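Following: one structure in structure tokens, then a few remarks.
As the structure is a computational prediction, the values presented were derived from the model and not from experiment.
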Protein chains: 2
Amino acid sequence: MASTIRLAGRLDPREGWDADRCSVARAFDVVHTRSALLILREAFYGTARFGDFAKRVGISEPVAAARLKELVESGLLVQEDYREPGQRVRRLYRLTQKGAELLPVLVALMDWGDRWACDDGGPVALRHQDCGGVVHAELRCEHGHRVAADELELAVRAGAAP
Amino acid sequence: MASTIRLAGRLDPREGWDADRCSVARAFDVVHTRSALLILREAFYGTARFGDFAKRVGISEPVAAARLKELVESGLLVQEDYREPGQRVRRLYRLTQKGAELLPVLVALMDWGDRWACDDGGPVALRHQDCGGVVHAELRCEHGHRVAADELELAVRAGAAP
DNA sequence: CGGCATCCTTAGGGATACTG
DNA sequence: CAGTATCCCTAAGGATGCCG
């Protein structure tokens, strides 16, 4: 059946597999909750202030406070105090490099949701500023080849032996 | 500061934004838990049987049963009863097309975890079978251009007005 | 082997009210 | 505006035990 795939690979890396070392699990543990994910989405959209996060994500202030604190502690966001001349101090939350590199995760989720969880293709689209083309997250090898799921091979990295 | 980015775009799509229509949120709601994500990871690695999921993901049987049932109900996995001649019936869980298309999400998470949550670059690597090149999830527009975060533009889709 | 039933603990998240 | 303090509910997930 074409609807099921599996990663190719001669050796079975799952023997002696240490679940705690899995990068997928570790990445999930950092993001960790729905509210944190949506706060990151808003940060990508340019949101920077406490109240805007709570309002736009649709969560209560206590939850927003807890998630923002965790995200700062994890190094995904930085809090900056910022004062324009003659204005009161504003507190801004902004993405760090570490946080910004989660963008492909967000885009991949958006792609999937647009395709499988929306009637209409989703409320927003990402476009390439230069050419206007719609942007997606896709699998490419380091030589630039587009890689289909059945062309993947799973390899255990050196030093990752059981 | 180079470590913060924001999506370009002249109009602000967040006014009138309906949080429930967000594809990122909807996709997260389908996957929904850590254990479901790791079950999907195992499905990509070729795991198909109940006990293997529980053991390799590192979760209890009740949790595995609950997640597998949810994933089947969501249409990400199918359960097949399968009998080799002379053997007892085996039950297999396999990815559907809908589930298989979550692969870029998993790869993007793995990429991020390898880079930011592991000392050693992560336990496994994905390679392109044909050329051996390491595979990553990256942002490309429909014309094949590689798209950096600051080249993105957010556009409200037709019919997505407030 | 492939589950389900039960009990338990912890954490995510909403509501409300209050402070600097 | 940017939070904090309480209280409460629900769900994720482990442990144990049973069943076809």
Side-chain angles (χ1 to χ4, degrees), chain A residues 14 19-20 22 24-43 46-74 76-84 86-94, chain B residues 14 19-20 22 24-26 28-43 47-74 76-84 86-94:
Chain A
R14 288 157 293 159
D20 294 339
C22 169
V24 177
R26 292 188 180 192
F28 183 91
D29 290 342
V30 173
V31 175
H32 183 244
T33 60
R34 178 192 157 103
S35 48
L37 183 75
L38 299 185
I39 283 175
L40 290 171
R41 178 200 69 192
E42 280 307 317
T47 299
R49 282 158 49 194
F50 178 85
D52 290 338
F53 281 114
K55 184 166 44 124
R56 290 179 174 145
V57 172
I59 55 179
S60 60
E61 287 94 340
V63 172
R67 289 299 94 73
L68 287 168
K69 183 185 284 188
E70 291 166 9
L71 289 169
V72 169
E73 285 169 356
S74 304
L76 305 191
L77 298 178
V78 278
Q79 191 181 40
E80 297 169 3
D81 284 357
Y82 162 78
R83 179 198 291 268
E84 283 185 18
Q87 304 277 318
R88 74 214 272 315
V89 173
R90 290 181 176 283
R91 307 198 114 166
L92 298 182
Y93 294 89
R94 303 176 68 183
Chain B
R14 287 158 293 159
D20 293 338
C22 168
V24 177
R26 291 187 180 193
F28 183 92
D29 290 343
V30 173
V31 175
H32 179 243
T33 60
R34 177 191 158 103
S35 48
L37 182 76
L38 299 185
I39 283 175
L40 290 171
R41 178 200 69 193
E42 280 306 318
T47 299
R49 280 158 52 193
F50 178 85
D52 290 338
F53 281 115
K55 185 167 44 129
R56 290 179 174 147
V57 171
I59 56 180
S60 61
E61 286 96 340
V63 172
R67 290 300 91 74
L68 286 168
K69 183 187 285 190
E70 291 167 9
L71 290 169
V72 169
E73 284 168 358
S74 304
L76 305 191
L77 299 178
V78 279
Q79 192 182 42
E80 297 170 3
D81 283 357
Y82 162 80
R83 179 200 291 267
E84 284 185 18
Q87 305 276 319
R88 72 212 275 315
V89 173
R90 291 181 176 282
R91 308 199 114 167
L92 298 181
Y93 294 90
R94 304 178 66 183

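- Using the six-membered ring where Trp is involved, Tyr93(A) and Phe53(A) have ring planes that are perpendicular, over 60° apart on the 30 and 60° scheme.
- Side-chain proximity of Ser60(A) to the nucleotides dG12(C), dA15(C), dG2(C) is greatest for dA15(C).
- For Arg91(A), the side chain to side chain donor-acceptor pair (under 3.5 Å) partners at least two apart in sequence or on another chain are Asp81(A).
- A heavy-atom distance below 4.0 Å to DNA chain D is reached by these residues of residues 61-68 of chain B, ordered by number: Pro62(B), Val63(B), Arg67(B).
- Formation of a donor-acceptor pair under 3.5 Å by the Ser74(A) side chain with backbone atoms of Glu70(A) is found in this model.
- Distances were taken from every side-chain heavy atom of Ile59(A) (C-beta onward) to each of dG3(C), dG14(C), dC4(C); the shortest belongs to dG14(C).
- Residue Asp29(B) contributes atom CG, which lies 13 Å from atom C1' of dG13(C) at whole-angstrom precision.
- Taking CZ of Arg56(A) as the reference point, atom CG of Leu38(A) lies at 14.0 Å (rounded to 0.5 Å).
- Here the range on DNA chain D touched by chain B, meaning any atom under 4.0 Å from one of its heavy atoms, is dA12(D) to dT16(D).
- Take Arg34(B) and apply the side chain to side chain donor-acceptor pair (under 3.5 Å) test, not counting sequence neighbours, and it matches Asp29(A).
- Distance, Gln79(B) CD to dC1(C) C1': 13 Å, rounded to whole Å.
- Evaluation of the side chain to side chain donor-acceptor pair (under 3.5 Å) rule for Asp52(B) yields no partner, not counting sequence neighbours.
- When the local axes at the two ends of the helix from dC1(C)-dG20(D) to dG20(C)-dC1(D) are compared, using 5 base pairs at each end, they differ in direction by 40° after rounding to 10°.
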